[in-house]
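Naming convention: chains lettered A, B, ... in sequence-line order (proteins, then strands); numbering from 1 in each chain. Keep in mind the model is a prediction, meaning the values are calculated, not measured.
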Amino acid sequence: MRARLSDYSLRSAASLAEALELLAAEPGRWRPLAGGTDLMVVLESGSLQHREYLSLWNLDELRGIDVTEQEVVIGASTTYTDVLGHETLRAEFPLICQAAAETGGVATQNRGTLGGNIANASPAADTPPALIAYDAELDLVSTRGTRRVAYARFHTGYKEMDLRPDELIRAIRLPRPRGRWRQWYRKVGTRRAQAISKVCFAGRLKVSDGLAEDVRLGFASVAPTVVRAIHAEDSVRGRPLDAKSIAAARASLARDLSPIDDDRSTARYRLRIAGNLLEMFLTQGLEGDSNRQGWVST
Amino acid sequence: MSDPVQVRCRVNGTSMVLSGHPMARLLDVLREQLHLTGTREGCGEGECGACAVLVDGRLVNSCLFPLLHAEGTAITTIEGLEQGGRLHPVQEAFVAHGGAQCGICTPGMVLAAVALLAERPNPTADDIRVALAGNLCRCTGYIRIFESIVRAAQAQAGPA
Amino acid sequence: MPSIGHSIPRREGRAKVTGRARYVDDLALPGMLFGTTVRSPVPRGRIRRIEYGAGVPWPEFTIVSARDIPGVNHVALITDDQPWLADGQVNHAEEPILLLAHPDRELVEHARRQITVHVDPLPPVLTIEDSLARREIIWGDDNLFKAFEVKRGDVDAGFAGADVIVEGEYETGAQEQLYIEPNGMLALADAVEGVTVWGSLQCPYYVHRALVELFALPGDKVRVVQMETGGGFGGKEEYPSILAGHAALLAWKSGRPVKMIYDRAEDMAATTKRHPSRTRHRTGVTSDGRLTAMDIDYVIDGGAYCTLSPVVLSRGTIHAAGPYSCPNVRIRGRAVATNVPPHGAFRGFGAPQSLFALERHMDRVAAAIGLAPDEFRRRNFIRTGDTSAVGQVMRESIDVAALLDRALDASDYHARRAAFAAIPAGARVRKGIGLAAFMHGAGFTGSGEDHLASVAAVEATADGRVRILTSNTEIGQGTNTIFTQIASDALALSPDLVEIVQPDTSLVPNSGPTVASRTCMVVGKLVESAALGIRRTLEGAGLLGESYSAADFERACAEYVRRRGPLRATARYHPPEGVRWDDERYEGDAYGTYAWAVYVAEVSVDTATFEVHVDDFVAVQEIGKVIHPVLAAGQIEGGVAQGIGWALSEEVVWRDGRMANAQMTNYIIPTALDVPTIRVFFEERPYAHGPAGAKGIGELPMDGPAPAIVNAVAQATGADLRRIPLTPERLMEALDEERVGVLHP
């Protein structure tokens, strides 16, 4: 433990309303802490810069998974374990479940939350590529009311996001998919569990009459933020899924992604693997892959 | 900056009030206030699982668990598994089948296995690997730990 | 009923599964201070000034510098070069400079961060190549801690008689032991009572000797107690002496108990790791696959101070020619200095490095002459009566070919190899199978055991209980249990009547360190002899017949103790008849005996991600009598898992001489999802000088996995792979180079 606890404070609020009041009274003073699985690591390493935290763990308003005809609304404090146990999510959003299953070990899944993961804003986070693939939106709440933002536009730079100091992530909204989509999630780390990804991919593709009618491509660990590969999507959307469009999509990744060399991997490896995963996804070349869960053949 | 908080919870079946900084690690509170030193620190980064305990029956890493979050919970540490001097079947199996070597990962590993068997009394080989994936062991290569858990599941199921 | 050969419950197993086992961090003494270490921020330089930051109540702190050392400022080991605390000059990043202690643990850490050490940097040497090139002289006259040269026959003539000559260079990286319990020590010290330390350690008498010199105290004023130890693998062989010295220096100066427990980051960054290595092979072979010459140049990176590098080098050099017979061999071994934290003991101790190079090279030689890897090896295995590279005539019964047969059979090697070769070259997932043959010498190298002259003791109490006294430590590998089995069988008693005395230098004799696969074979034999001594003594006193019950034994002990006082038997090591080693000529019986093995790994390689997964693993070994089947298999499985990590994922990322990935999150060891099924098979050829015929086992399983795995990946990909860890990034680069090679010859 390299931190001095007396430098820090952690408090809770009786209700979401009280929590929002606290945040509004002195914007920027309190920062939220959910399951603690990210922040406590930084605390222990002695590098936690901000000092005052507001625990959201006890706020029931941030829990629960609601299913309506149009969408599934996941409370921000929903844990990975809760996600894995939810039938609708397993049936309709298998990429999110796959991501949850590959986040840390059981102990982390029991405490880590989707909202905390989003707000931690790690470019290497496991679930966000899947959120991008499913067109997730976020409900951001403050004493001034609620606003909704598309998750794909939420992260604005390394560890920067469209979240004001008095706002909390209340929920993640997932529109329920219509029609048949090909979908695949693949996390590449150096080991099969407890890995921080070197490349992480989530994709969804709707094919009709041989054309790529629609496509979503989310990546992690290949840019300062989790990214949606817009240019690659554009290279295939509305076009036949042939060698030419697939090659174009792969080439477009160079514009969508900006990987770096760091202690975990190299830019060269990351870009190559991102391209390989994209190609595997578009060509359905998944034979023998360690993760075929979530795959819907079309 | 925070004043100490008083946290009411049950630890190994006993109701108690724990006092400390709200951001204190449950790990330190268990070890230093309650002298439950069977919960070990292996990494302090939530990676190795040596500090794992059960909170309301679920496995958590106590090094990442702020004391404040213990309010109203029931915590089980390795010391709480024995019943009337009798080892839990998972503990028995670890002794008999080579599941423990140096012993430092063992409490967390045993609790991970207990949590698994509570949910899946007849786990598959894959279930076992997935359930232990957050608990690192450097001695055994995991093989005897898998074996111990299979044997414990059989023992819990009763004589065939 | 004898217990040897049966898997009795681990003696301290109950304490471990209930959490009652006591590790050093579980201890607390009244008035205890917490200690920490201020370390060098740079790899090499002159310390100009130490700045104590504001806002810290410095007068409350105990601060120890090199000036406070009562005895001599070097850690007693092999060469007197490593200071306890840097004095003027620093030679590696993380080198200890100051020690701090305070009752408030958080404040100690805070204070450490408020100290700035200003260093005038000097150019560091950070690689083997730079050290050999003597870009800077950083140690002695030539940067060499030690060099060996082994010569057998005439290599030039051997190459002249070869049909094919194959060359290759191989590299292995540093590897962190990553025991799950970090290093820790608790110390009490004052001028009257002397020094006592309790800690996580493998070798109580190494620590003892180091403290005696540090404080210039008589031996009986220093006491070292081993607590339950959460893994060692060599990482708690020599390093704990330093931590014990530091804790004791703080205790000495403060007059209070001092506890020092490294956190994971400090343990990874500052303590020892496996020596990185670079090995060059040049091998002559006839077209029918007979070795005619082996010329081997083996270099290891010792880091900034000598520590154990000469002996690591020695073991690596002797194992460099592997389990093969070749008439002409030259092995040059060198250990060089660099400005990184000293590398040290880690399971295998130099042999895994040189055997990785050899066993990878053997596959390449086999390919060059068109022989299958197994067949080429089979034609060259050393046999009983052959002479090794260092001139050891192999008198023990050896049959490596039988191990090979069993491994090929268990792994279905030929059928799998053929099936994998038939996978189309364009397939995304490729498969391969690879093997490695190797041996590991048990006990200290050469005359090491003679110099140690270990002593073990066994006592019998008046109530018929037996106590084993050795300085050999239980670190998870099963010392307590196998010693119990050995003594109880020697005395024909139930294991329940035997207890192990906690290693404490005030109580136990010096039976040597817990290293070098020596505990079972060498010290176990002493325990057996001492236990038999108790029996003979009681027989000689007319108190015990040839066969007896536990009650008879108890009566005999009670009577003996009543008449003559305490009943204790000791045994001292004597080299077995005919085992001779010449230190000067570096020649002779390098080890009394060897364990032999053939390992086979099967892998999948995903060429889209360059991930390698080990799908199946077969480990066949001959280790003499297996004392405890479950513990023995556990040793092999654990070693194989460490070998998988070393081969594929465990990369120490160096930046300016510091470990940049000193976190468990970023230093990647195998999880429960990464290990394959490991199938372990034992052959037993009893060794006359081991207890019940047992040999050493602990290090052996570290030697084979890496070459077997990389050979399998080479089959799967067709790539010529020479460097580990073979991370996905490195495999990608290697495959790219091959592809370029094809396109642009």
Enquirer: If you round to the nearest 0.5 Å, how far is CG of C/Asp26 from CG of B/Leu36?
Expert: 11.0 Å
Enquirer: Considering non-hydrogen atoms only, spot the tightest contact between C/Val17 and B/Ala100 and give its length.
Expert: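 Heavy-atom minimum between the residues: CG1-CB, 4.5 Å.
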Enquirer: Looking at C/Gln642, C/Gln477, C/His628, which has the largest count of heavy-atom pairs under 4.5 Å with chain B?
Expert: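 Of the candidates given, the most pairs with chain B belong to C/Gln642.
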Enquirer: Is chain C contacted by the side chain of B/Arg144, its backbone, both, or neither, given a heavy-atom distance below 4.5 Å?
Expert: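 Its backbone and side chain both get close to chain C.
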Enquirer: Output all residues satisfying side chain to side chain contact (heavy atoms under 4.5 Å, CB included) with C/Thr473, sequence neighbours left out; order by chain, then residue number.
Expert: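 Partners of C/Thr473 under the side chain to side chain contact (heavy atoms under 4.5 Å, CB included) test: C/Gln202, C/Pro204, C/Gln226, C/Ile475, C/Pro503, C/Thr514.
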Enquirer: Is it the backbone or the side chain of C/Asp263 that comes under 4.5 Å from a heavy atom of chain B, or both, or neither?
Expert: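 No part of C/Asp263 comes within 4.5 Å of chain B.
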Enquirer: Salt bridge (Lys or Arg N to Asp or Glu O under 4.0 Å) for C/Glu650 and B/Arg138? Distances and angles first, verdict last.
Expert: CA-CA 13 Å; C/Glu650 293 184 31; B/Arg138 192 59 155 167; 2.7 Å; yes
Enquirer: Mark yes when over 12 heavy atoms from residues, nucleotides or ligands other than B/Arg8 sit less than 6.0 Å from its CZ; otherwise mark no.
Expert: no
Enquirer: Which one, B/Gly98, B/Ala96, B/Cys43, B/Gly38, leads in non-hydrogen pairs under 4.5 Å with chain C?
Expert: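 Greatest number of close heavy-atom pairs with chain C: B/Cys43.
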Enquirer: Side chains of B/Thr37 and C/Arg22: closer than 4.5 Å at any heavy-atom pair?
Expert: yes
Enquirer: Show the nearest heavy-atom pair for residues C/Pro670 and B/Leu136, with the distance to one decimal.
Expert: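 Looks like O-CD2, 4.2 Å.
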Enquirer: I'd like to know which of C/Val630, C/Leu178, C/Ile636, C/Thr665 tops the heavy-atom pair count under 4.5 Å against chain B.
Expert: C/Thr665
Enquirer: Which of residues 44-56 of chain B have a heavy atom under 4.5 Å from any heavy atom of chain C?
Expert: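 From residues 44-56 of chain B, the residues near chain C are B/Glu45, B/Glu47, B/Cys48, B/Ala50.
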Enquirer: Would you please go through residues 102-126 of chain B and name the residues with a non-hydrogen atom below 4.5 Å from one of chain C, in numerical order?
Expert: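 So the qualifying residues are B/Cys102, B/Gly103, B/Ile104, B/Thr106, B/Pro107.
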Enquirer: Could you tell me the separation between the CG atom of B/Asn135 and the CD1 atom of C/Ile180, rounded to the nearest 0.5 Å?
Expert: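 Answer for the CG-CD1 pair, B/Asn135 versus C/Ile180, is 10.0 Å.
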Enquirer: Could you tell me whether the side chain of C/Arg10 reaches within less than 4.5 Å of the side chain of B/Gln101, counting heavy atoms only?
Expert: yes
Enquirer: Measuring heavy-atom distances to chain B, does C/Pro182 have an atom under 4.5 Å in its side chain, in its backbone, in both, or in neither?
Expert: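 Interface part for C/Pro182: side chain.
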Enquirer: Within this structure, what is the OG1-CZ distance for the pair C/Thr18 and B/Phe94, rounded to the nearest 0.5 Å?
Expert: 13.0 Å
Enquirer: At a heavy-atom distance under 4.5 Å, which candidate from C/Ala265, C/Gly639, C/Gly19 has the highest pair count against chain B?
Expert: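 Ranked by heavy-atom pairs under 4.5 Å with chain B, first place is C/Gly19.
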Enquirer: Taking all heavy atoms of C/Thr677 and all of B/Arg129, pick out the closest pair and write down the distance.
Expert: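 Smallest interatomic distance, heavy atoms only, reads N-NH2, 4.0 Å.
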Enquirer: Measure C/Val640 against the heavy atoms of chain B and call it side chain, backbone, both or neither at under 4.5 Å.
Expert: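 For C/Val640, there is no contact with chain B at all, as no heavy atom is under 4.5 Å.
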Enquirer: So what's closer than 4.5 Å to chain B heavy atoms on C/Pro701: side chain, backbone, both or neither?
Expert: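 Contact with chain B is absent: no heavy atom of C/Pro701 under 4.5 Å.
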Enquirer: What part of C/Glu12 is in contact with chain B, defined as an atom under 4.5 angstrom from a non-hydrogen atom: side chain, backbone, both or neither?
Expert: side chain
Enquirer: Do B/Asp28 and C/Arg105 have side-chain heavy atoms sitting under 4.5 Å apart?
Expert: yes
Enquirer: Looking at C/Pro9, C/Ala21, C/Ala28, which one has more heavy-atom pairs under 4.5 Å with chain B than the rest?
Expert: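 Winner by heavy-atom pair count: C/Ala21.
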Enquirer: Can you check whether anything in residues 80-92 of chain B gets within less than 4.5 Å of chain C, heavy-atom wise, and list it by number?
Expert: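 Residues of residues 80-92 of chain B touching chain C at under 4.5 Å: B/Glu82, B/Gly85, B/Leu87, B/Gln91.
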Enquirer: Heavy-atom cut-off 4.5 Å, strictly under: side chain, backbone, both or neither for C/Asp25 against chain B?
Expert: both
Enquirer: Looking at B/Gly141 and C/Val675, what are the two nearest heavy atoms and their distance?
Expert: O-CG2, 3.5 Å
Enquirer: Of the backbone (N, CA, C, O) and the side chain (C-beta and beyond), which part of C/Thr229 lies under 4.5 Å from a heavy atom of chain B, both, or neither?
Expert: backbone
